[in-house]
Each structure stands twice: as C-alpha cells, then as structure tokens.
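Remarks on the structure that follows.
Quick note: residue numbers are just sequence positions, from 1.
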Amino acid sequence: MAAGARRLATLLAIPTLLALIAGPVAQAVPASPAPSTSVRAAEAGPVAVPAKYLKQKISWSPCDFDAAVKDNVASAPTTRCTTVKVPMDWKNPTRHRDISLSIAYSRATGKSKGLLTSNPGGPGVEGLQLTAALAISKTAMFRDYDLLGFDPRGFGTSENVRCLATQASIDKLPQVVDHRARNPQTHRAEVATARFLAKACSSTEFSRYVSTQQTVYDLDFLRALLGHSTVNYIGYSYGTWLGSWYADTYPKRVGRFILDSNMEWTASMYANSAADSFAFQRRRDQMLFPWIARNNDVFELGSTAAAVSKRYESIRRTLVHRTKNGEPVTDAQILDWVVLTSIYRDNDFIEAGFVIALVGLEADSPATFSSADSRRLNKLVAKRLNGAGWQIQRAASGSVTSRPKAQAQAAEEKVEIPAAGDIIRCNDTAYSTNINGYLRRADADGKRYSFIGYQNSVPQCAYWPFRQNGRTLDLTGAPRMLMFQSEGDPATSFEGSAAAHAATKSRTRFVSVDNEGQHGLYVDGPSSCVEKYGDTFLFSGRLPATDIVCSKGTTPLPGDAKVFKLDGPVDGKSYPLRDKSRSFTTAAKSQNAELSRIRREAANRSLG
C-alpha cells in the first residue's frame with residue numbers, strides 16, 4: 001500500500017482540495033416519519049407590519065465582504081450592511097422583545113427590475129453574502145436588480161437561537177459505538193438523545209419563534225422596508241421550502257422565483273427526511289463508487305463499484321472492531337458522515353475518495369499508519385466536523401459526545417449545543433409521538449439502506465414542547481415558478497421534488513437534469529442547460545413552454561471523459577466529450593470561491 005499512500009499524500013496536498021472542506025459542525029439529521037397523530041394548527045396568513053418597524057432609523061455601512069466583491073467585479077455597486085429590528089413574534093409583536101436581523105443591500109447599476117434575494121439552504125445557513133456571491137458569477141444581477149442578502153432569524157450575524165444544556169446532562173447521555181447495530185442499547189441511546197436535544201433546543205424564549213413562517217414575515221417586511229412591491233428569489237434546498245412558503249403566504253408579491261434542488265415542500269419535514277436514506281444511498285452506490293472504481297489507480301479501493309462497496313464495508317467493520325477494543329481509530333460513523341457531506345457536489349467526490357482510502361490505510365494497520373497520513377486525515381475530518389474543542393456528532397452517531405475531561409466546564413455550567421437548525425424543523429412540522437414507530441423505521445432503513453438509513457431515528461421534534469404548525473401549499477394566486485432538479489440529488493430526492501411539482505403543476509415549471517446528481521445546480525453548476533433556462537427566466541422573464549429534461553450539457557465527474565448513465569427516474573443518454581484529458585485539479589477549481597464556500601457550508605450544516 002506504500003505507493004498508494006504516496007499518491008494520496010501528493011494529491012491531498014492540492015490546496016484547492018483542502019479549501020473545499022472547511023465548514024461548521026453538521027446539524028442533526030431529522031428522523032424518518034412515523035404516522036402522525038398530531039393535530040395540525042391553523043395555517044398562518046399575512047400579518048400587518050406595525051409602523052414603528054418601517055420607520056426605524058437605519059445606519060448603512062459597506063459590508064466587510066464588499067471589497068472582495070469589487071475585487072471580482074470592478075463595476076459592482078457598493079454592498080452595504082446594517083442591522084434592523086423585527087418582532088420576535090410577528091403575530092404578537094408587543095408580547096416579546098424585538099430581535100435583530102442582519103441584511104446586505106446594493107442598488108442596481110442599470111434600470112432596476114426589482115428586488116432579488118436568496119437563501120442557501122439548511123435550515124440555519126447564513127445567507128448574508130449569498131446574493132452578492134451569485135452576482136459575481138452572473139454580473140447582470142448587479143445591473144438589473146437591487147440585491148438583498150440576509151442571515152435568517154436565529155443564525156449567523158442575525159440574533160442567534162441557542163440550544164443550551166449543562167455539562168452534567170451531556171455526560172449522562174448513553175454512548176453507542178455503532179448505531180448501525182440496531183438493538184435495545186442503540187434504541188435507548190437514541191431516545192435519550194432526542195429527549196436531551198428537545199429540552200436543550202427549546203430552552204430559550206426565542207426557540208418557539210424560529211420557524212419558516214416567521215422568516216417569511218421577516219422577508220416580506222424587508223421587501224416593504226426597502227420599498228419594493230414584489231420579491232424575486234433564488235432558493236436552494238431548504239431555501240425552496242422557504243420560497244414556496246413565502247409564495248403561498250404572499251402570492252401577489254411573488255416575482256421571478258427559482259427553486260433549485262427542491263425539498264418536497266408540499267409534504268412535511270419528516271416526509272422529506274424519509275427520502276434521505278435511499279437518495280444518499282443511490283448517490284453513493286450508483287455515482288460515487290463507480291467513479292472511485294474508474295480511478296482505482298489513484299485510490300486502490302477496487303476496480304468495480306461492487307469491489308469498492310465491499311472494501312468500504314470491510315473498512316467500516318474493522319473500524320468498529322478496533323473502536324470496541326479501545327484503539328484510537330476513526331469512528332465508523334464519522335467515515336459515513338464525511339462521505340455523506342462530500343457527495344453533495346460533484347467535485348467533492350475527490351475528497352470522498354481520498355478520505356475512504358486514507359481511512360482504509362488506517363484501518364488496515366493503525367500502528368504503521370504514517371504520522372503524515374494521520375495528520376492529513378485528521379485535518380480532513382476535523383474541518384468537516386468543525387475541529388472545535390468539542391462538538392455534537394449526532395448526525396453521524398445519534399449520540400452526544402462531551403468535551404475531553406481536561407476541557408470540561410463545571411457540571412452545571414451551561415454549554416451550547418450546535419443543533420439549532422432542527423428548531424425550524426420542529427416548529428414547522430407536526431411530528432408523531434409514536435417513538436416505537438421511529439425506531440422500527442430506523443431498524444428497517446438501517447437494513448435496506450446501510451449507508452445512512454440508521455441515522456433516521458427518533459427526532460428531537462417528537463418531544464417538542466411547543467405547538468407545531470405547517471402549511472398545505474397550493475400556491476393559489478402565485479405566478480409560475482421555475483424548479484431545477486438533478487436526477488441523483490442525495491439531499492433532496494428527485495422523487496420528492498417531482499411530487500411537489502405534480503401537486504402544483506399550474507404554478508411551477510420543472511427542469512430536470514438526466515444523469516446528474518449534484519445538489520445545487522443554477523449558477524456555476526454542472527449543467528449548461530440549467531444555466532440557459534435560469535438566465536432566460538431571471539433576466540427576461542421567459543419560462544420554458546413545457547417541462548424540460550436536460551439530457552445534454554451536463555459536465556462529467558472529475559477526470560471522466562463522458563457522463564455516465566445513472567439508473568434513476570429520468571431517462572436519457574450519456575454523451576462523449578471532445579476533451580478526454582483527465583485532471584482532478586482542473587475539475588476541483590471553482591469559478592467563484594465565495595459561492596463554493598457557501599455551498600460547502602450548507603452541505604456540512606444539514607440535510608435537505
């Protein structure tokens with residue numbers, strides 16, 4: 001294995017690759033659904049905005065990222081930032097203290113077509129820089145639109161929501177080596193963790209008001225504050241959920257909406273979570289593993305997809321065995337998680353292959369695993385998991401790991417748990433209280449979808465103390481919106497996206513991309529077909545006359561000479577490229593580093 005290790009060491013030294021993996025701690029994966037017994041609350045309608053919020057004094061100053069924007073686009077307008085006040089609860093604006101929202105704004109350099117804003121996903125990913133970052137690649141945005149970026153309530157530089165617990169309560173949580181092993185011990189740990197997180201994340205006054213509906217009200221307030229009659233919007237992943245809720249609440253204020261990599265926003269949060277098990281399995285088994293096999297001279301993991309899968313399972317079994325023996329090796333569930341977060345984007349397949357190969361070297365012989373390889377692997381994994389003094393890794397393990405004892409705080413001191421993204425999921429959806437139903441589903445998914453099926457277990461939302469709401473979306477009165485979806489998207493399944501379109505056919509136009517699996521398509525994406533239809537709609541207002549299947553114009557995976565067929569729900573043909581050169585370094589480069597950073601962050605933070 002020495003030659004393979006040397007090749008991996010050389011490739012891992014590529015700075016572009018190392019830049020691909022920085023990101024915050026991953027949020028917890030919501031559980032698979034059990035039949036709901038909760039009663040849905042009445043849907044929330046529009047709210048009146050008290051005059052004091054529209055009349056508040058605003059002090060603008062150039063954003064700290066404005067210089068970077070102008071370094072990329074010299075003709076870009078100045079992007080200015082400020083903080084504004086909004087009610088904690090728009091339905092009862094005088095009942096609670098106000099909270100702060102951070103926003104960024106620039107005016108069109110030409111005749112403005114209106115206000116354009118965006119959301120990167122999550123829920124809970126910061127969006128302050130996203131609209132300007134998109135415009136770096138689509139400079140006509142600077143000319144045609146007044147651009148708004150904002151960090152959603154609860155996150156980023158807006159007022160933060162916090163999940164708080166004591167160190168003592170963290171230390172009492174039961175631990176399990178491998179949650180893929182479905183047994184009573186695993187069940188007890190998952191139930192205890194769900195109870196713990198529900199208590200921690202509902203522990204503040206703000207917790208019950210961090211929801212999609214409240215963010216919809218924030219967005220419409222910002223529209224009015226900035227003097228616009230409508231909103232134009234680009235939303236990715238959870239951003240499609242937010243965008244569709246806005247369109248359902250304020251249909252007459254909808255301009256040109258692009259919803260990219262769609263959740264099934266006509267369903268519930270937990271219905272979306274159920275699709276993760278098979279969608280991530282499909283992306284890994286039918287796209288990642290065949291790609292690794294085609295590059296076996298680099299990764300030495302097998303020359304067929306079946307061989308790579310067998311090697312992955314062998315590595316994983318060895319890690320579990322060595323962990324049970326007390327050996328300091330990579331946690332098997334961490335391996336699953338790092339691979340999971342590395343298959344959102346096509347270029348990150350490179351990182352996934354490196355990590356599996358390096359972990360394989362470690363698993364084979366930890367005693368002879370070189371210190372240089374160990375440092376490289378630890379750096380890759382730490383950046384995916386935030387590398388802080390401590391972190392929650394429930395998304396990978398279903399449990400909570402406390403800080404090392406040397407760093408532990410006093411037992412009753414409050415510490416913050418980085419799981420706040422799930423607060424939105426819990427407030428948005430009426431979850432079942434049938435705990436055994438969740439466990440049975442996780443047991444079944446763990447067998448059928450071995451990659452991450454076991455992660456979809458008991459959610460904290462099953463123990464949520466606040467009234468849970470939801471919407472039945474029909475988009476009545478809204479103009480037609482443009483939906484983009486790749487066939488093999490792991491985080492928002494094609495099937496769920498197609499179901500949302502089918503339920504709103506008179507209000508949406510659906511563009512799917514055959515043999516593509518990237519999560520996030522429009523702007524610097526892999527499909528020239530998507531770029532064409534997105535640009536035509538955003539800048540000219542013209543939608544395709546019918547739903548479209550993009551069967552050509554998709555970029556091959558890194559180093560491939562053609563696009564390989566995915567055995568999925570969209571039917572099309574692969575096609576060869578003229579340029580058959582094989583260059584990982586070229587494939588890994590980004591035209592827009594800031595946009596890549598935001599998308600990596602969204603992948604690291606959440607599913608969906």
Side-chain angles (χ1 to χ4, degrees), residues 54 56-86 100-122 125-153 155-160 215 218-236 239 242-243 246 255-258 260 520 522-524 534-535 538-539 590-602:
L54 293 171
Q56 64 183 289
K57 185 178 180 180
I58 299 176
S59 178
W60 295 96
S61 60
C63 300
D64 58 8
F65 57 84
D66 178 63
V69 171
K70 289 177 178 175
D71 284 345
N72 283 277
V73 182
S75 61
T78 297
T79 305
R80 299 174 299 156
C81 283
T82 194
T83 300
V84 298
K85 295 293 184 181
V86 296
S100 61
L101 293 181
S102 290
I103 64 174
Y105 186 60
S106 65
R107 291 196 175 276
T109 58
K111 184 177 180 180
S112 177
K113 289 182 168 70
L115 182 70
L116 174 63
T117 191
S118 61
N119 181 274
V125 178
E126 298 87 342
L128 190 69
Q129 301 180 44
L130 177 60
T131 314
L134 293 170
I136 290 173
S137 292
K138 301 287 183 185
T139 57
M141 290 183 187
F142 288 129
R143 180 196 67 208
D144 288 1
Y145 287 102
D146 298 332
L147 302 181
L148 168 67
F150 68 101
D151 283 344
R153 63 167 50 210
F155 304 96
T157 54
S158 291
E159 182 136 349
N160 280 197
T215 303
D218 292 338
L219 177 53
D220 197 61
F221 161 70
L222 294 175
R223 172 202 60 77
L225 181 71
L226 297 171
H228 291 271
S229 58
T230 59
V231 173
N232 303 282
Y233 180 80
I234 303 173
Y236 301 92
L242 173 62
Y246 181 91
R256 299 169 188 175
F257 268 44
I258 295 176
D260 187 326
Y522 182 54
V523 184
D524 277 4
D535 289 353
L538 185 63
F539 299 114
S590 170
Q591 298 174 12
N592 187 330
E594 178 58 22
L595 185 56
S596 290
R597 183 195 64 77
I598 294 169
R599 285 174 171 163
R600 289 195 306 274
E601 183 174 311

Checklist outcome for this item: Thr117 meets the side chain to side chain donor-acceptor pair (under 3.5 Å) criterion, sequence neighbours left out, with none
Checklist entry - Can you tell if the side chain of Ser112 reaches within under 4.5 Å of the side chain of Arg107, non-hydrogen atoms only? => result no
Checklist entry - Atom CZ in Arg80, atom OG in Ser106: separation rounded to 0.5 Å? => result 9.0 Å
Next on the checklist: Between Asp220 and Asp218 (side chain of the first, backbone of the second, donor and acceptor by atom type, cut-off under 3.5 Å), is there such a pair?
Outcome noted: no
Checklist entry - So, does Arg223 use its side chain to make a donor-acceptor pair with the main chain of His228 at under 3.5 Å? => result yes
Item to check | Heavy-atom check, side chain of Thr215 versus side chain of Tyr246, under 4.5 Å | outcome: no
Next on the checklist: Among Thr157, Thr82, Val84, exactly one meets side-chain contact (heavy atoms from CB on, under 4.5 Å) together with Ser102. Which residue is that?
Outcome noted: Thr157
Checklist entry - Any luck finding a side-chain donor-acceptor pair between Thr78 and Lys70 under 3.5 Å? => result yes
Item to check | Approximate separation, where rounding is to 0.5 Å, of Thr139 OG1 and Asp144 CG | outcome: 9.5 Å
Checklist outcome for this item: Taking every heavy atom of Met141 against every heavy atom of Ile234, the minimum-distance pair comes out as CE-CD1, 3.8 Å
Checklist entry - Considering only heavy atoms from C-beta outward, does the side chain of Tyr105 approach that of Thr131 to under 4.5 Å? => result no
Checklist entry - Below 4.5 Å, heavy atoms only, C-beta onward: do Phe150 and Leu101 meet side chain to side chain? => result no
Next on the checklist: I'd like to know if the side chain of Asp146 and the backbone of Leu115 have a donor-acceptor N/O pair within less than 3.5 Å.
Outcome noted: no
Next on the checklist: If I compare all heavy atoms of Gly127 with all of Asp151, which pair ends up nearest, and what's the gap?
Outcome noted: N-OD1, 3.0 Å
Checklist outcome for this item: Shortest non-hydrogen pair, Val69 vs Ala132, comes out as CG2-CB, 4.1 Å
Checklist entry - Just wondering, do Leu595 and Leu130 contact through their side chains at under 4.5 Å, heavy atoms? => result yes
Checklist entry - Rounded to the nearest 0.5 Å, how far apart are CD of Gln129 and CG of Asp66? => result 11.0 Å
Next on the checklist: Just verifying a value: how many Å separate Leu134 CG and Leu147 CG, rounded to the nearest 0.5 Å?
Outcome noted: 9.0 Å
Checklist entry - Nearest 0.5 Å, what's the CD1-OG distance between Ile258 and Ser118? => result 11.0 Å
Checklist entry - So do Cys81 and Trp60 actually touch side chain to side chain, heavy atoms under 4.5 Å? => result no
Next on the checklist: Please give me the minimum heavy-atom distance between Glu126 and Pro152, naming the atom from each residue.
Outcome noted: CA-CD, 4.4 Å
Item to check | Flag for Asn119-Tyr233: side-chain donor and acceptor within less than 3.5 Å | outcome: no
Item to check | From CD1 (Ile103) to CG (Leu148), nearest 0.5 Å | outcome: 6.0 Å
Checklist entry - Is there a donor-acceptor pair closer than 3.5 Å between any side-chain N or O of Glu159 and the backbone N or O of Arg153? => result no
Item to check | Heavy-atom closest pair, residues Ala104 and Leu128 | outcome: N-CD1, 3.5 Å
Item to check | Exercise: identify the closest heavy-atom pair between Arg256 and Leu538 | outcome: NH1-O, 2.8 Å
